[in-house]
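In what follows, a single structure is set out as C-alpha cells and then discussed.
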2 protein chains.
Amino acid sequence: MKSILFSIHSQITSFSKSERKVAQYILDHPQQVIGMNADTLANRAGVSAATVVRLAKILSTDGFPGVKIQLSAETKMDDSLYTEVDPKDPLNVVKQKMEFRIGHTIEQTNLTLKDKAVSQAAQLISEADDVYAYGLGASSIVAADFQQKFIRIGKPVVQTMDTHLIATGIVKSGTVLVLVSNTGETLESQKLADVAHEHDVPVITVTHDEKSTLAKKSDIVLVHDDSEENEKFRTAATTSLMAQLYVMDLLYYFYISMNFDENVGKLKESRDVIQKHFK
Amino acid sequence: MKSILFSIHSQITSFSKSERKVAQYILDHPQQVIGMNADTLANRAGVSAATVVRLAKILSTDGFPGVKIQLSAETKMDDSLYTEVDPKDPLNVVKQKMEFRIGHTIEQTNLTLKDKAVSQAAQLISEADDVYAYGLGASSIVAADFQQKFIRIGKPVVQTMDTHLIATGIVKSGTVLVLVSNTGETLESQKLADVAHEHDVPVITVTHDEKSTLAKKSDIVLVHDDSEENEKFRTAATTSLMAQLYVMDLLYYFYISMNFDENVGKLKESRDVIQKHFK
DNA sequence: AATATAATTGAAATTTAATTTCTTTTGAAG
DNA sequence: CTTCAAAAGAAATTAAATTTCAATTATATT
C-alpha cells in the first residue's frame, strides 16, 4: 500500500479536467478531506459526487472511504493550533490550544531531558541517607509532589519553604538536595546550592534553563521544556509546571524500576494503610 | 495524539460484555478491522452490528467509519505505545508512553469537562467574599496551585489541610468552598461539603467521578479524566494530577477573561513585586 | 427470594453515504 | 457542420451505517 498523495501527484496529468480538480483539492487539503463525505468534497472541488467516486476508484480499491483511510494513515495533524491563547478565544478553542501546547511541552521535554541525568539522579537519591527538596512559588508545588511520591515508597523527603531549615539539614554528608526552579535564577535556591557544596552535598536541579546560574551550581540538571516562556500572555506557566511534574514522575518511575518488586510492594502498603484507616 | 487503541485499553473495563468482545477484537486485529464494515466486525466478534456502532460512537465522534480512519492513522505507528508502562521498559519507551497518555488524559478531560460548569464556578468565585480550598494527598497540590493562581491576581484563597480550620471558615454566607478529590469519596471532603451546605455555602468540586458521593453533595462539579484508574501499576496517578491542574488552569483562565484588562494588570503587578524585591 | 428498575442487546426500520446507471454535455476528428 | 467518443452530472440503486424499539438480562430494593 503506497502513498495515495504520491499517487495523485504522479498520476495527476492523466486525470480528466474534473478529476484533476478533485485531485488538487485533496493535495491541498488532505487533512480536511478525511472528515468529508463524497458529496461535500464534490461541492468543494466544484464537481459532482460521481466524479469524486470515479477518482476514488482509480486511487483505491476500496473506493472513497478507502481513500480517506489511506489519507489518514499518511497525513499527520496540522500545527495550526499552536498559536497563543487569546483573551477573545471562546473556551472550547482555549481547550484545544491548551491540549496542544501541553502535548507539545511534554514532547519537547522528552527531547531536552537526558536519560542519563535521570538515572544518575535516581541513583543519588537511592544512595542518600537524607533527601531535602526545595522550590518557591509554583516550584514549591513540584517539590511537594516529589516529597509525596517518595514518601509513598518509603523514602522520606523533607520539603519545606523554610530556607533556614533546609540549610540546617544539608550540612551532613550522605544528604542530597533537590532544587526546583523554572528560571534557574531563584536567589534562595542559589544560596542553598552554595550551602550544599560547602558540605559536599550533591545538588539535583530541575529547571528549564540549562545555562542558568543554578544549573551551573548543580551536579545533575534535569532540563525540561518551557514553551510559554516567551509569550506575551502566559496563563500561569501551567505548561511549565506540568513539564516539571513530568520530569519528577520520570525520576520517580526510574527510581521504582531500579528495585521494582520491593518498591511496588511499598506502594501497595501505602495504599492499604489509607484504605484501612481512612475510608 | 488521539489514540483509539489507548482509549479502548483504558476504558475497556467500563464497557458492557458485548462491547468488550468488539473492543478486544479491535485490539487483537486493528489492521484487519480497517478493511471491515460494521456487519463483518459484528460477526467476527459474535455480536450485532448495533453493538459495533454503539461502541464506535463511544470511541469516535464520527462513528464506525471514524474508528477505521483513526485506526488507520495509528496502526502505522508503534502500536505498543498504548499499553501500560512496564517495569522492563527502557526509559525512552517510558517517555513515549507517558507522553502519549498525558496527551490522552488532557484530550479526554476536554471532553468530560463541561464549559458551563467552568463558567459557573468562575462566576461563583468572582462573587465570593472569601474562598476556601481543600484537598488531601496529591489533591492538596492541586488546591495549593489553585491558591497560588488566584492570589497572583488579587483574589486571596485560604488553602490548608487543617479540616477544622476550613470548617471554621465556611460558616459565613458569601463564602465559596473548592474541594479537590480524585475519587470523590474522601471522607474529610464530604464532611466539609456537609458543613458548607448547613451554612448555604456553595461547593465546587474537582473530581474524576461525576457519580461520586462528593459530586452529589456539590453545587458545581468539574469533571476530569483519569485514564490510569484501572491500571494495575499506576505510576503515581500523575496523569490524573495533571488533569486536575489542567481543570484549575481553565477555571483560572476563564476567571481572568471575565475581566481581562484588570486581571492581567494585577498579574503584571505580582510579577513586578517579585522582580523588584526578590531578584 | 420476589419484584421493580435499569442497563444491555439484537432485529428490524430508517437514514445516510457510496456507487452505478443512464442521459446530457463537451470537444476533437473527419 | 456532423459524428463519435470521452467526460460529467442527475437520478436511481445499492450498500453501509445508524437509530429505534422490543426483548432480554442484569442490578438493586423491598
Side-chain angles (χ1 to χ4, degrees), chain A residues 4 7-8 11-27 29-73, chain B residues 4 7-8 11-26 29-73 112 184-185 209-213 215-216 230:
Chain A
I4 210 155
S7 266
I8 294 174
Q11 288 182 260
I12 198 163
T13 51
S14 72
F15 296 152
S16 72
K17 195 160 32 147
S18 294
E19 283 169 350
R20 210 172 300 179
K21 285 185 199 167
V22 180
Q24 194 57 52
Y25 192 93
I26 297 174
L27 286 179
H29 317 278
Q31 194 71 37
Q32 286 95 311
V33 169
I34 293 171
M36 294 179 184
N37 58 30
D39 254 321
T40 311
L41 174 54
N43 284 331
R44 296 289 164 81
V47 301
S48 74
T51 300
V52 169
V53 170
R54 269 190 290 261
L55 177 68
K57 276 216 156 356
I58 298 172
L59 298 172
S60 163
T61 50
D62 296 324
F64 183 64
V67 168
K68 293 204 291 181
I69 284 170
Q70 286 189 52
L71 277 178
S72 165
Chain B
I4 288 264
S7 266
I8 296 175
Q11 288 182 261
I12 197 162
T13 52
S14 72
F15 295 154
S16 70
K17 198 159 32 143
S18 295
E19 284 168 351
R20 210 170 302 178
K21 285 186 199 167
V22 180
Q24 195 56 54
Y25 192 94
I26 297 175
H29 318 279
Q31 201 68 46
Q32 286 95 312
V33 169
I34 293 170
M36 295 178 183
N37 59 30
D39 255 321
T40 311
L41 174 54
N43 284 332
R44 296 286 165 83
V47 301
S48 72
T51 301
V52 169
V53 171
R54 269 190 291 261
L55 178 68
K57 275 218 155 357
I58 297 172
L59 298 172
S60 164
T61 50
D62 297 323
F64 184 66
V67 168
K68 293 203 291 180
I69 284 170
Q70 288 189 52
L71 276 177
S72 165
T112 55
E185 300 297 339
D209 186 356
E210 60 183 334
K211 288 171 183 165
S212 60
T213 315
K216 284 175 191 148
N230 296 312

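Both backbone and side-chain heavy atoms feed into the values below; hydrogens, waters and symmetry mates do not. Numbered from 1 within each chain, the chains take letters A, B, ... in sequence-line order.
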Please report the distance, rounded to the nearest Å, between [atom1] in [X] and [atom2] in [N].
| X | N | atom1 | atom2 | value |
| --- | --- | --- | --- | --- |
| F64(A) | dA17(D) | CZ | P | 14 Å |
| L59(A) | dA18(C) | CG | P | 15 Å |
| K21(A) | dA8(D) | NZ | P | 8 Å |
| D62(A) | dA17(C) | CG | C1' | 16 Å |
| R20(B) | dT8(C) | CZ | P | 10 Å |
| I69(A) | dA16(D) | CD1 | C1' | 13 Å |

Under the 3.5 angstrom rule, does the side chain of K68(B) hit a backbone N or O of G35(B) as a donor-acceptor pair?
-> no

How far does CZ of R54(A) sit from CD of E19(A), to the nearest 0.5 angstrom?
-> 7.0 Å

Nearest-0.5 Å distance that lies between atom CD1 in I12(A) and atom CD in Q24(A) | 4.5 Å

Just by distance, with hydrogens left out, do E185(B) and T213(B) show a side-chain donor and acceptor under 3.5 Å apart?
-> yes

Say whether N43(A) and T40(A), considering side chains only, have a donor N or O and an acceptor N or O under 3.5 Å apart.
-> no

Going 5' to 3' along nucleotides 19-25 of chain D, which nucleotides have protein heavy atoms under 4.0 Å from the base (write B), which only from the sugar-phosphate (write S), and which from neither (write -)?
-> B------

Close residues, residues 32-48 of chain A, relative to DNA chain C [heavy-atom separation under 4.0 Å] | N37(A), A38(A)

Are [X] and [Y] packed together at the side-chain level, in the sense that at least one heavy-atom pair is separated by less than 4.5 angstrom?
| X | Y | answer |
| --- | --- | --- |
| K21(B) | F15(B) | no |
| L55(A) | V52(A) | no |
| T51(B) | S48(B) | yes |

Phosphate-side-chain proximity, S18(B) and dT9(C), N/O vs OP1/OP2 below 4.0 Å | yes

OP1 or OP2 of dT9(C) less than 4.0 angstrom from a side-chain nitrogen or oxygen of T51(B), does that happen here?
-> no

Atom pairs and distances, side-chain donor-acceptor, residues 56-64 of chain A, under 3.5 Å, sequence neighbours left out:
{"from": "S60(A)", "atom 1": "OG", "to": "D62(A)", "atom 2": "N", "distance (Å)": "3.0"}

